[in-house]
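Residues take their numbers from the sequence shown, with the count starting at 1.
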Amino acid sequence: MSEKNNIHPDMGVGEFIRRQRELAQLSVRQLADLCGVSNAYLSQIERGLRTPSSMILQSLAKGLRLSAETLYTQAGILDPKGDEDGGVVRAVMHDPKLSSRQRDILIEMYQSFRKNNGSEFSS
């Protein structure tokens, strides 16, 4: 059975990327070249030493022939249950007029507000 596109909640995004790369039979160098990142940076992501931005995740998804949503979910950016915030996050992720940094900041702020408001309403 193929692991492709399955979300593994107990696995970090780096390990997931490494496994998907291995399933695609790509070396670190080959995937790095496909995605426009350095071998060292990709290796650090795979080992959990670096957290990739949304744009890097999008590039890695393309290189691995996965949906970007699969990697966003694995990275904890999207809710795997498809919670109502998924539409907002997806809209931000796909807005071509936002920079990678702007996307990351907006998503982080949105998730922080939701978490804060959720704790206020559950008290």
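When all heavy atoms of L71 and V13 are compared, the closest pair comes out as O-CG2, 4.2 Å. Contact between G63 and C35 at its shortest, heavy atoms only, is CA-SG, 4.2 Å.
Separation of atoms CZ (R21) and CG (L31) is listed at 7.0 Å; rounding is to 0.5 Å. The OG atom of S59 lies 9.5 Å from the CG atom of L64; values are rounded to the nearest 0.5 Å. Put simply, OG on S99 and CE on M55 are 9.0 Å apart, with the number rounded to the nearest 0.5 Å. Atoms CG and CG, on L26 and L34 in that order, are 6.5 Å from each other to the nearest 0.5 Å.
With sequence neighbours left out, the side-chain hydrogen bond (donor to acceptor under 3.5 Å, both in side chains) criterion links S43 to R47. The side-chain hydrogen bond (donor to acceptor under 3.5 Å, both in side chains) test applied to R50 returns Q44, not counting sequence neighbours. In this structure, the side-chain contact (heavy atoms from CB on, under 4.5 Å) partners of E22, at least two apart in sequence or on a different chain, are R18. Partners of T51 according to the side-chain hydrogen bond (donor to acceptor under 3.5 Å, both in side chains) rule, which considers only residues two or more places apart in sequence or in another chain, do not exist here. Partners of R103 according to the salt bridge (charged side-chain N to carboxylate O under 4.0 Å, His left out) rule, which considers only residues two or more places apart in sequence or in another chain, do not exist here.
Other members of the cluster containing F113 are I105, M109, with ILVMFWY side chains joined at under 4.5 Å, either directly or via other members.
Between F16 and L66, the closest side-chain pair of non-hydrogen atoms falls below 4.5 Å. Counting only heavy atoms from C-beta outward, the side chains of L60 and L42 approach each other to under 4.5 Å. Two residues are said to be in side-chain contact when any heavy atoms from C-beta on lie closer than 4.5 Å; L57 and Y72 meet this criterion. Side-chain contact check for Q25 versus Q30: every heavy-atom pair is 4.5 Å or farther apart.
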(request) Could you give me the CA-CA distance, side-chain angles and deciding distance for L106 and D95, then say whether side-chain contact (heavy atoms from CB on, under 4.5 Å) is met? (result) CA-CA 12 Å; L106 280 171; D95 189 329; over 6 Å; no

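Between the side chain of S112 and the backbone N or O of E108 there is no donor-acceptor pair closer than 3.5 Å. No donor-acceptor distance shorter than 3.5 angstrom exists from the side chain of E15 to the backbone of G12, with no hydrogens or angles considered.
A side-chain donor from one of T70 and S67 sits under 3.5 Å from a side-chain acceptor of the other.
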